[in-house]
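Please read the structure below before turning to the comments.
We're numbering straight along the sequence, starting at 1.
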Amino acid sequence: AQDEEVGDGTTSVIILAGEMLSVAEPLLEKNLHPTLVIVSGYGKALQKALDTLQAISKTVQIDDRAELSKLVYAAIGTKFSSRWGDMLVAMAIDAVLKVVIRRAEYTEVDIKRYVRIEKIPGGALSDCTVLDGVMFNKDVTHSKMRRRIENPRILLLDCPLEYKKGESQTNVEIMNEDDFNALLRQEEEYIEQLCAQIVAFKPDIVITEKGVSDLAQHYLLKANITAFRRLRKSDNNRVARATGATIVNRADEIQESDIGTGCGLFEVRKIGDEYFVFLEQCKEAKACTVLLRGGSKDVLNEIERNLQDAMQVVRNCVFDPRLVPGGGATEMAIACALVKSASEVEGVQRFPYEAIATALEVIPRTLAQNCGANIIRLLTDIRVKHNAGEHTWGVNGTTGEMADMNELGIWEPYCVKAQTLKTAVECASLILRIDDVVSGTRKNK
């Protein structure tokens, strides 16, 4: 759920949910009811945590690349590809901002569908780039077709350029030779008519998701048209978004407005043993391809995963441009807020409410542990700062000392933190409720 929603913070969810269950154990031993008391207390604590999160957040300008870069760097700084951090950060920001579409109050950022990551082994990591358009792994259907066209007119089809086979099986009895020729001629005329309808609009490139027969290739080649067949539906959608073309389902329904003219350069290039089609220099491309090069497939897969995380961070910021401090500062701020407000909670629900505050400290504690700091002293120092209202102080993950996240520039997207808290509390509550059911079974004597 966490990965689908915001694409980051999965490890934090597991750590927090585990910690919330471990702090619930002493409460269960005191015979507090899991659903009525513990889960209700957790629910109140979650609400207070989200309110605190909102209070300590700051808003970032999406147009400010320096701020965005800092944010993405915080997300991928600990990963394998952090050595090429600057390049990856720039690629992630470029790729996501290309596919942002704003319609009145609605913003669409579909990186899953419209940002394709093409991994090609070989070359150096410095060759990775975000294209001003799209590319796909195909070669022209006929060797004499043009392989480089400037400002091409592109037609996208979702229909076969070959003779249709009948749905039902039919047997034709032919009495003389001329009838057989007439049947063949009918097939040829059908394809000729299809091609004539396409040629009438003078496209330079025809791309179809279905097959192209040899005869259709012949007619298209005569009209100096380059054709590609059997392109994946997802690739065709990206080409449509990048070039401004509309996918047409029948050749007799083509209109001038369906032709894509947004592409500046079409070229077929050979990379390694494969041929790739590049549609580049697109004006206002709303889809793009990220080309990754690297020494081996394992390196490419790792970089792809890191890039996906980086793009999710940028996407989250486009949707919700609020940020909260990283390095365990946010968790500490929420923990302090929960301890302060615990007196307002009535009855036994106060115990699980306070327990959440203890559980949240696991994040700064783990960070301190990882860099070999004196955990108790460090957490006490940070707690003192937070109680004084300085909520940007957290753990410096490199030196293990207390640091101001404002100075280090470590910020995280608000929606990732909010979703992490919601998912962790939800998971812990779910397991606690199950525990309640299990304890209701009777032991066999």
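Contact check for I205 versus L155: no side-chain heavy atoms found under the 4.5 Å cut-off. Two residues are said to be in side-chain contact when any heavy atoms from C-beta on lie closer than 4.5 Å; M20 and V425 meet this criterion. Looking at heavy atoms from C-beta onward, V268 lies out of side-chain contact with R148 at the 4.5 angstrom threshold. In this structure the side chain of I14 never reaches within 4.5 angstrom of the side chain of T11, judged on heavy atoms. Within the 4.5 Å cutoff, no side-chain heavy atoms of C159 are placed close to those of R250. A 4.5 Å side-chain heavy-atom check between V239 and C263 finds every atom pair outside the cut-off. In this structure the side chain of T10 never reaches within 4.5 angstrom of the side chain of T420, judged on heavy atoms. Here the side chains of K44 and S40 are not in contact, with every heavy-atom distance at 4.5 Å or above.
Using a 4.0 Å cut-off between a side-chain N of Lys or Arg and a carboxylate O of Asp or Glu, D204 and R146 qualify as a salt bridge. Between R232 and E209, no side-chain nitrogen of the basic residue sits less than 4.0 Å from a carboxylate oxygen of the acidic one, so the salt-bridge criterion is not met. Between D51 and K48, no side-chain nitrogen of the basic residue sits less than 4.0 Å from a carboxylate oxygen of the acidic one, so the salt-bridge criterion is not met. For K422 and E426, the salt-bridge test fails: no basic side-chain N is under 4.0 Å from an acidic carboxylate O. We find that E280 and R269 are joined by a salt bridge, their nearest charged nitrogen and carboxylate oxygen being less than 4.0 Å apart. Using a 4.0 Å cut-off between a side-chain N of Lys or Arg and a carboxylate O of Asp or Glu, E118 and R116 qualify as a salt bridge. Of the charged side-chain nitrogens involved, none lies within less than 4.0 Å of a carboxylate oxygen, so that R229 and E162 do not count as a salt-bridged pair. Remark: K233 engages D158 in a salt bridge, criterion side-chain N to carboxylate O under 4.0 Å.
Note that the CD1 atom of I259 and the CD1 atom of I154 stand 9.5 Å from one another [nearest 0.5 Å]. Here the CZ atom belonging to R293 is positioned 8.5 Å from the SG atom belonging to C128, to the nearest 0.5 angstrom. Of the inter-residue distances, the one linking N370 atom CG with R365 atom CZ reads 12.0 Å to the nearest 0.5 angstrom. Atom CZ of F136 and atom CZ of F278 lie 11.0 Å apart (nearest 0.5 Å). Here the CD1 atom belonging to I38 is positioned 10.5 Å from the CD1 atom belonging to I356, to the nearest 0.5 angstrom. Atom CG of L360 is separated from atom OG of S12 by 11.0 Å, given to the nearest 0.5 angstrom.
Judged purely by atom type and a 3.5 angstrom limit, H386 uses its side chain to pair as donor or acceptor with the backbone of W393. No donor-acceptor pair closer than 3.5 Å links the side chain of T129 to the backbone N or O of L131. A distance-only check finds a donor-acceptor pair linking the side chain of R153 to the backbone of K202 [under 3.5 Å]. Between the side chain of T289 and the backbone N or O of M135 there is at least one donor-acceptor pair closer than 3.5 Å. Under the 3.5 Å distance criterion, the side-chain polar atoms of N316 are matched with a main-chain donor or acceptor of Q312. Proximity of a side-chain donor or acceptor of D258 to a complementary backbone N or O of I254 within less than 3.5 Å is not detected. The main-chain N or O of L323 is never found under 3.5 Å from a side-chain atom of S57 such that the two would form a donor-acceptor pair. Of the possible donor and acceptor atoms, one in the side chain of K286 sits under 3.5 Å from a partner among the backbone N and O of V100. Of the possible polar contacts, one joining the D127 side chain to the A124 backbone as a donor-acceptor pair under 3.5 Å is found.
In terms of heavy-atom proximity, A95 sits nearest to V290 at CB-CG2, 4.0 Å. Of all heavy-atom pairs between E331 and P364, the closest is CB-CD, 4.1 Å. Between L338 and A45 the shortest heavy-atom distance is CD2-O, 3.7 Å.
Other residues, nucleotides and ligands place more than 12 heavy atoms under 6.0 Å from the CZ atom of F319. Heavy atoms from other residues, nucleotides or ligands lying under 6.0 Å from CD of E256 number more than 12. Within 6.0 Å of CD on E284 lie no more than 12 heavy atoms contributed by other residues, nucleotides or ligands. The neighbour count for K283 NZ, taken as heavy atoms of other residues, nucleotides or ligands under 6.0 Å away, is above 12.
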C195 and L161: CA distance, side-chain angles, deciding distance, side chain to side chain contact (heavy atoms under 4.5 Å, CB included) verdict = CA-CA 8 Å; C195 293; L161 299 182; 5.7 Å; no
Please walk me through it: do V277 and I207 pass side chain to side chain contact (heavy atoms under 4.5 Å, CB included)?
-> CA-CA 11 Å; V277 175; I207 301 174; over 6 Å; no
Tell me, with the steps shown, if L307 and L292 meet side chain to side chain contact (heavy atoms under 4.5 Å, CB included).
-> CA-CA 10 Å; L307 188 62; L292 294 184; 4.2 Å; yes
Report the C-alpha distance between K270 and D139 in whole Å, list the side-chain angles of each, state the deciding distance to 0.1 Å, and finish with yes or no for salt bridge (Lys or Arg N to Asp or Glu O under 4.0 Å).
-> CA-CA 9 Å; K270 191 176 184 187; D139 193 11; over 6 Å; no
Full working for side chain to side chain contact (heavy atoms under 4.5 Å, CB included) between Y414 and Q54 = CA-CA 8 Å; Y414 167 86; Q54 213 155 358; 4.1 Å; yes
Would you please test K98 and D132 for salt bridge (Lys or Arg N to Asp or Glu O under 4.0 Å) and show each step?
-> CA-CA 9 Å; K98 269 190 173 65; D132 257 341; 3.3 Å; yes
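Side-chain atoms of R113 and N237 form no donor-acceptor pair, as typed in the model, at a separation below 3.5 Å. At a cut-off of 3.5 Å, with distance as the only test, no side-chain donor of R305 or Q308 sits close to an acceptor on the other residue.
Both the sub-6.0 Å distance and the 45° axial angle are satisfied by R147 relative to the ring of Y275.
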